Peer 1: 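Okay, handing you the structure first.
Keep in mind that what you see is a predicted model, and the values were worked out from it rather than measured.
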Amino acid sequence: MTTWLDLPADHPYGVHNLPYGVFSTADRTPRVGVRIGEWVLDAGAASELGGMESGEVWLQPSLNVFLAEGRDAWTAGRAWLVEQLTNEARRDSVEPHLVPLDQVRMHLPFEVADYVDFYAGEHHATNVGKIFRPDGDALTPNWKHLPIGYHGRSGTVVVSGTDIVRPQGQRKAPSAPAPTFGPSIRLDIEAELGFVVGGATALGESVGVVEAADHLFGVTLLNDWSARDIQAWEYVPLGPFLGKSFATSVSPWVVTLDALEAARVPLPGQDPEPLPYLRGDEGSVFGLDIHYEVVINGTVVARPEYRDMYWSPTQMLAHLTVNGASLRNGDLFASGTISGPQKETRGSLLELTWNGAEPLSLDDGTTRGFLEDGDVVTLRAWAPGPDRSRIGLDEVTGTIRPARQR
């Protein structure tokens, strides 16, 4: 597909992508926008003149109303956008609603309803097991039978560019007789992929693997910041709490699942075979060929590959609802840390530095075991698109600020 805009055919934000976000300008209140090249299309304003039915869903300050419309509306909306941006006859009515990217302010693209973080990467789970249970099995007995996850705080999900204040809490050194209170000294990142959910369900219903993709609107890059020292002391026996709940950063653009069709790949393999409710059928269980870079203060420290993940997003969603838990429009679930078999593909400092024992060297001559105040962390990624094109997934960035005094 080609557009009447002056874009290279291989631009990562061409008509093969068209991610959704929420933007504002000096004269536009927050509303849904669609990125095309280095422009943002005011989708709602364009729809008013372009014959798009239900275009008012794009005049809202979040994607949630559009998410509630479901798969058929998502498909129709994308088709309408492609038509507007590829048909020269539409140019005069659409072009006035294009805003230069450098003139917009981006906002959190959707109101997060519930947030679940999974633990779907076998390499990450194995590394963590080796670090914390060196004399035991790296994987817990349940790990290959179900997608493990925990419920986080939706209210602390923030858009890229939001500063991250160093969290405080209890921590206890292994040899210390009692815990102490203070700022985390083992502040970490987790390079993840977030899945944005729409098509709410009723309490008591479950969504099967085959139907799960109809509820997966799209993906966003996600950094689930982690205070490893706080987490290590608090997580037994109920799991992550304050060590995770202080902040989760997402990118401002949501790339639709439709745009990632060419990036679907088979899973690496699941052994033993999951229970029947997690099996699905041919095509409903898949991985994604998404290539990441983890950057700290300008230095690329890792290049994780999402295709290495063990559990499919459809399996995660099916497991999330199998007990009858309802879906809400704007639900967000994350993959867990993306790590591969090589050191350079590990998606957390915990793994990259082996819990601080092997510090990283940055290009400025400094080293890091964990994050320091002032550090800037950026995750960026891309996926293959149709006809050898690239799908840009933008980036998610956060700057570490000192802990606030109590």
Peer 1: Looking at side-chain heavy atoms only, is the closest gap between V65 and V32 below 4.5 Å?
Peer 2: no
Peer 1: Report yes or no: do H123 and E351 form a side-chain donor-acceptor pair below 3.5 Å?
Peer 2: no
Peer 1: For residues P167 and L187, report the shortest heavy-atom separation together with the two atoms involved.
Peer 2: CD-CD1, 4.0 Å
Peer 1: Would D373 and R166 satisfy salt bridge (Lys or Arg N to Asp or Glu O under 4.0 Å), going step by step from the backbone distance to the final call?
Peer 2: CA-CA 8 Å; D373 292 346; R166 183 177 296 274; 2.8 Å; yes
Peer 1: Just by modelled atom types, is the E56 backbone N or O under 3.5 Å from a matching donor or acceptor in the Q60 side chain?
Peer 2: yes
Peer 1: Kindly give the heavy-atom pair with the smallest separation between R153 and Y115, and that separation in Å.
Peer 2: N-CD2, 4.0 Å
Peer 1: Run the salt bridge (Lys or Arg N to Asp or Glu O under 4.0 Å) test on R31 and D42 for me, step by step, so that the C-alpha distance in whole Å, both residues' side-chain angles and the decisive distance to 0.1 Å come before the verdict.
Peer 2: CA-CA 8 Å; R31 77 269 311 275; D42 186 337; 2.7 Å; yes
Peer 1: May I ask you to decide whether R35 forms a salt bridge with D394, counting only side-chain N to carboxylate O separations under 4.0 Å?
Peer 2: yes
Peer 1: Testing the 3.5 Å rule here: is there a donor-acceptor pair between the side chains of T314 and S312?
Peer 2: yes
Peer 1: By side-chain contact (heavy atoms from CB on, under 4.5 Å), which residues pair with L362, not counting sequence neighbours?
Peer 2: I296, N297, T299, V301, D364, T366, R368
Peer 1: So does V158 get a backbone contact from the side chain of T162, meaning a donor-acceptor N/O pair under 3.5 Å?
Peer 2: no
Peer 1: Not counting sequence neighbours, list each pair that qualifies as a side-chain hydrogen bond (donor to acceptor under 3.5 Å, both in side chains) and has a residue in residues 271-286.
Peer 2: Y277-H319, D281-S284
Peer 1: Before giving the answer on side chain to side chain donor-acceptor pair (under 3.5 Å), spell out for D188 and S226 the whole-Å C-alpha distance, their side-chain angles and the decisive distance to 0.1 Å.
Peer 2: CA-CA 5 Å; D188 199 358; S226 299; over 6 Å; no
Peer 1: Determine whether the aromatic ring centres of W225 and F246 lie less than 6.0 Å apart.
Peer 2: no
Peer 1: Are any of the side-chain heavy atoms of F370 and D375 separated by less than 4.5 Å?
Peer 2: no
Peer 1: So that I know where these two stand, are F110 and F66 an aromatic pair - ring centroids less than 6.0 Å apart?
Peer 2: no
Peer 1: Find out whether the Lys NZ or Arg CZ of R390 is both under 6.0 angstrom from the six-membered ring centre of W382 and within 45° of the ring's axis.
Peer 2: yes
Peer 1: Where do L379 and A191 come nearest, in terms of heavy atoms and distance?
Peer 2: CD1-CA, 3.7 Å
Peer 1: Is a side-chain N or O of Q168 found less than 3.5 angstrom from the main chain of R404, in a donor-acceptor match?
Peer 2: yes
Peer 1: Look only at the side chain of N127 and the backbone of H124, and say whether a donor-acceptor pair between them is shorter than 3.5 Å.
Peer 2: no
Peer 1: Indicate yes or no: at least one non-hydrogen side-chain atom of W4 is less than 4.5 angstrom from one of L85.
Peer 2: yes
Peer 1: Are side-chain heavy atoms of Y20 and W58 found at a separation under 4.5 Å?
Peer 2: yes
Peer 1: Write down the atom of T321, the atom of S206, and the distance for their closest heavy-atom approach.
Peer 2: O-CB, 3.1 Å
Peer 1: Of the non-hydrogen atoms in N329 and N64, which two are nearest, and what is the gap between them?
Peer 2: O-ND2, 3.3 Å
Peer 1: State whether E234 and R171 are salt-bridged, where the test is any N-O pair (Lys NZ or Arg NE/NH1/NH2 against Asp/Glu carboxylate O) under 4.0 Å.
Peer 2: no
Peer 1: Going by distance alone, is a donor N or O of one side chain under 3.5 Å from an acceptor N or O of the other, for N355 and R228?
Peer 2: no
Peer 1: How close do A259 and H16 get, heavy atom to heavy atom, and via which atoms?
Peer 2: CB-O, 3.7 Å
Peer 1: Please enumerate all residues that pass side-chain contact (heavy atoms from CB on, under 4.5 Å) together with A9, with sequence neighbours excluded.
Peer 2: none
Peer 1: Test ring pair (Phe, Tyr, Trp, His ring centres under 6.0 Å) on W143 and Y310 and set out the steps.
Peer 2: CA-CA 10 Å; W143 199 91; Y310 188 88; 5.2 Å; yes
Peer 1: Please tell me if the side chains of L139 and T126 come closer than 4.5 Å, counting only heavy atoms from C-beta onward.
Peer 2: yes
Peer 1: Is the shortest heavy-atom distance from the side chain of T378 to the side chain of V396 under 4.5 Å?
Peer 2: no
Peer 1: Hey, can you pull the donor-acceptor pairs under 3.5 Å for the side chains in residues 144-152, sequence neighbours left out?
Peer 2:
{"from": "K144", "atom 1": "NZ", "to": "E122", "atom 2": "OE2", "distance (Å)": "3.0"}
{"from": "Y150", "atom 1": "OH", "to": "D224", "atom 2": "OD2", "distance (Å)": "2.9"}

Peer 1: Would you please indicate if the ring centroids of W311 and Y119 are separated by under 6.0 Å?
Peer 2: no
Peer 1: Whether the T256 and D258 side chains hold a donor-acceptor pair (N or O, under 3.5 Å, no angle test) is what I'd like checked.
Peer 2: no
Peer 1: With the threshold set at 4.0 Å, does a side-chain nitrogen-carboxylate oxygen contact exist between R90 and E95?
Peer 2: no
Peer 1: Is the CD atom of E293 crowded by more than 12 outside heavy atoms at less than 6.0 Å?
Peer 2: yes
Peer 1: Ignoring hydrogens and angles, state whether a donor on the side chain of D114 or S154 is under 3.5 Å from an acceptor on the partner side chain.
Peer 2: no
Peer 1: Kindly write out the residues that satisfy side-chain contact (heavy atoms from CB on, under 4.5 Å) with V265, not counting sequence neighbours, or none if the list is empty.
Peer 2: D289, R307
Peer 1: With no hydrogens and no angle check, is any side-chain donor or acceptor of T353 less than 3.5 Å from a backbone partner on P359?
Peer 2: no
Peer 1: Could you tell me whether R264 sits above the aromatic face of F286, with NZ or CZ closer than 6.0 angstrom to the six-membered ring centre and within 45 degrees of the axis?
Peer 2: yes
Peer 1: Verify whether one side chain among T220 and S251 offers a donor that lies under 3.5 Å from an acceptor in the other.
Peer 2: yes
Peer 1: Is there a side-chain contact between L216 and F333, using heavy atoms and a 4.5 Å cut-off?
Peer 2: yes
Peer 1: Side chains of V250 and L108: closer than 4.5 Å at any heavy-atom pair?
Peer 2: yes
Peer 1: Going by side-chain contact (heavy atoms from CB on, under 4.5 Å), name the residues that satisfy it together with T2, two or more places apart in sequence or in a different chain.
Peer 2: none
Peer 1: Can you confirm whether D6 is buried at CG, in the sense that more than 12 heavy atoms of other residues, nucleotides or ligands lie under 6.0 Å from that atom?
Peer 2: no
Peer 1: Does the side chain of D387 pick up a donor-acceptor pair with the side chain of S389 at under 3.5 Å?
Peer 2: no
Peer 1: I'd like to know if the side chain of Q170 reaches the main chain of F181, judged simply by a donor and an acceptor atom lying under 3.5 Å from each other, with no hydrogens or angles considered.
Peer 2: no
